[in-house]
Amino acid sequence: MASADICPPGPYFPEEIKGWHGYIEWEDYPEKRAEAARILGLHHDQFAHPPEFQLEPLPKTNPVLEGVRWKQYHAALGETLKHIPKESWDTVMKEKAADMNHVLDFPYNGEPPKARLIEHVITPNELHFVRNHGGIPRIDEDAYFFDVGRLVNNPKRITLKDLKNEDIFPRQSNIVTIQCSGTRRIEQIALYPGDGDELINAPWAEGAIGTAKWTGVSLKKVIKYCGGLKPEAQHLEFVGADTYFKKGQVSNYSVSVPWRKVKLNEVLLAWEMNDKPLPRIHGFPLRVVAFGFIGARSCKWLTKINALAEPSMGVVQRKEYLYYNHQIGKHNTLYSSGFSIQDMPVSSAIMAPIDKDVIVHDGKITVKGWAYSGGGRWPQRVEVSPDGGSNWYEVPWQQISKKYYHAWRLWTIEVPCDAEGWLGFVCRCWDNSLNTQPTFVRSAWNWDLHVTSSCHRIYVYSVNRTKPQTAKRLKQLTEKGISLVPITLPLEFNLEDDDTYLDAVRAQGGRDPEE
């Protein structure tokens, strides 16, 4: 059913502030939220069902998934939100690279092609992955402000002009990697499917990670400007301008981080990304960057900062991004039975070659990838195995990128490889605290399919042309103008003539033993 088919007439919920297109304030108006829930309830039976993308093959489309029901939710609430999905997609087309892999059309989730991601230590803005939870608001910089309140001593409203005034707020820039907890989720899905919400558990590959130079002001300085916190304040909540839907309820996106994280100057309010104004799709005019934490804590389109005694009771903080044990699933899940994901664990991925590649080589295979560890730890050693994990080769220090406290390292290695046929290549990372990755996906599996931190595995077909018979066959293929790939396509010529066959078999003692 098209979203327009369920759109009631008229704007039920007008925009909150002039110059803030697409922003509706939900948190301050319980009666407005109740009315939205009522409207959603009226159309419940008309909304699309979640698509099946785990027990069935992923569509080979781009976007992979459309997010039909999310578009319908927006349409059901009237004119203010009806056009947000289309406007958001227009922003994707304007700000992201043409070859992005669109994991979800709306709310937009997208990652760059594998090879493109590892071309740059600092990810270009147009290639940086995007994980949005709602539509993309359009907020004019001159109209923008955010409020700091609740358990602060002096609540304040701060404009972007105020924040950029270096006489008030010292500016800082940091190289920081942001990683979605869904990175490499397709590995869990392939073996052990879990919760099938296409927004919460989108089928990400290895590209839901990116590194940028972020410029702005430390949140610690902003709290100081507001007179500090009251004694009972232990957490800082961030509220975004995007509208979020969860089980028939509506809210603004809201998450929180502990005050101890802020005190370390590890939470930045950023208005620049790689020395350019923050792209709209990444949170313009202002976003949060929480160093080393799960990407979900880096709230975009920031509207409020609330000092709280306990973590945010917002839906995203309380009911999502939870890590469950192996025994938890659809049969017994409770929000309280999982713990909240904050620091990202050590992880790595092979980005070249890719799974099922056919590699023609001279005894060495070049392997490239990324490695990362959150929480202020850094990748110290990366190792690659060409035989499923029995023998490991360390990436030379000369072939791994610079260390940063809060960023990934890119690496490349030539791995000795004598064997031919299908081989299992595996990579793993050790961080500076000697943490490393679980060996198998099963060890990392959890019902919500978060944090696939296990050793990354791919399977490639090795063709070693230093082997005489292999070199001979490759020469045959070249002379006949026949491609080696796809490797599964049968050859249409005789592999050897009768005389050659008989000579070889007789030299081996024949096919059958003597009586």
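- The structure places OH of Y225 at 14.5 Å from CG of L219, a figure rounded to the nearest 0.5 Å.
- Taking the side chain as every heavy atom from C-beta outward, E198 and W70 approach each other to under 4.5 Å.
- Taking NZ from K96 and CD from E111, the interatomic distance works out to 12.0 Å, rounded to the nearest 0.5 Å.
- Taking both residues in full, the closest heavy atoms of V222 and F146 are given as CG1-CE1, 4.3 Å, listed atom of the first, atom of the second, then distance.
- Taking CZ of R116 as the start and CE of M351 as the end, the distance is 12.5 Å to the nearest 0.5 Å.
- Remark: aromatic rings of F106 and H74 are close, center separation under 6.0 Å.
- Annotation for A296 and Y321: closest pair CB-CE1, 3.6 Å, computed over non-hydrogen atoms.
- Between the side chain of R184 and the backbone N or O of A349 there is no donor-acceptor pair closer than 3.5 Å.
- Side-chain atoms of S181 never come within 3.5 Å of backbone atoms of I294 as a donor-acceptor pair (strictly under, hydrogens ignored).
- Taking every heavy atom of both residues into account, P345 and V451 meet most closely at CG-CG1, 3.2 Å.
- Partner of E25 under the salt bridge (charged side-chain N to carboxylate O under 4.0 Å, His left out) criterion, out of K304, R33, K32: K304 alone.
- F47 does not carry R69 over the face of its six-membered ring by the limits of under 6.0 Å from the centre and within 45° of the normal.
- Aromatic rings from W89 and H102 are positioned such that their centres are separated by under 6.0 Å.
- Nearest heavy atoms, M100 versus N62: O-ND2, 3.1 Å.
- Cation-pi geometry between K164 and F169 is not met: the NZ or CZ atom fails to fall both under 6.0 Å from the ring centre and inside 45° of the normal.
- Annotation: cation-pi geometry not satisfied between K356 and Y459 (NZ/CZ under 6.0 angstrom from ring centroid, within 45° of ring axis).
- Closest heavy-atom contact between R185 and D448: NH2-O, 3.7 Å.
- Considering all non-hydrogen atoms of both residues, E27 and N252 come closest at OE2-N, 2.7 Å.
- At a cut-off of 3.5 Å, with distance as the only test, no side-chain donor of H282 or E95 sits close to an acceptor on the other residue.
- Between the side chains of E237 and S256, not a single donor N or O lies within less than 3.5 Å of an accepting N or O.
- Evaluated for a ring pair (Phe, Tyr, Trp, His ring centres under 6.0 Å) with W26, the options F245, F13, Y253 yield exactly one hit, F13.
- Here the side chains of E79 and H83 are in contact, with some heavy-atom distance below 4.5 Å.
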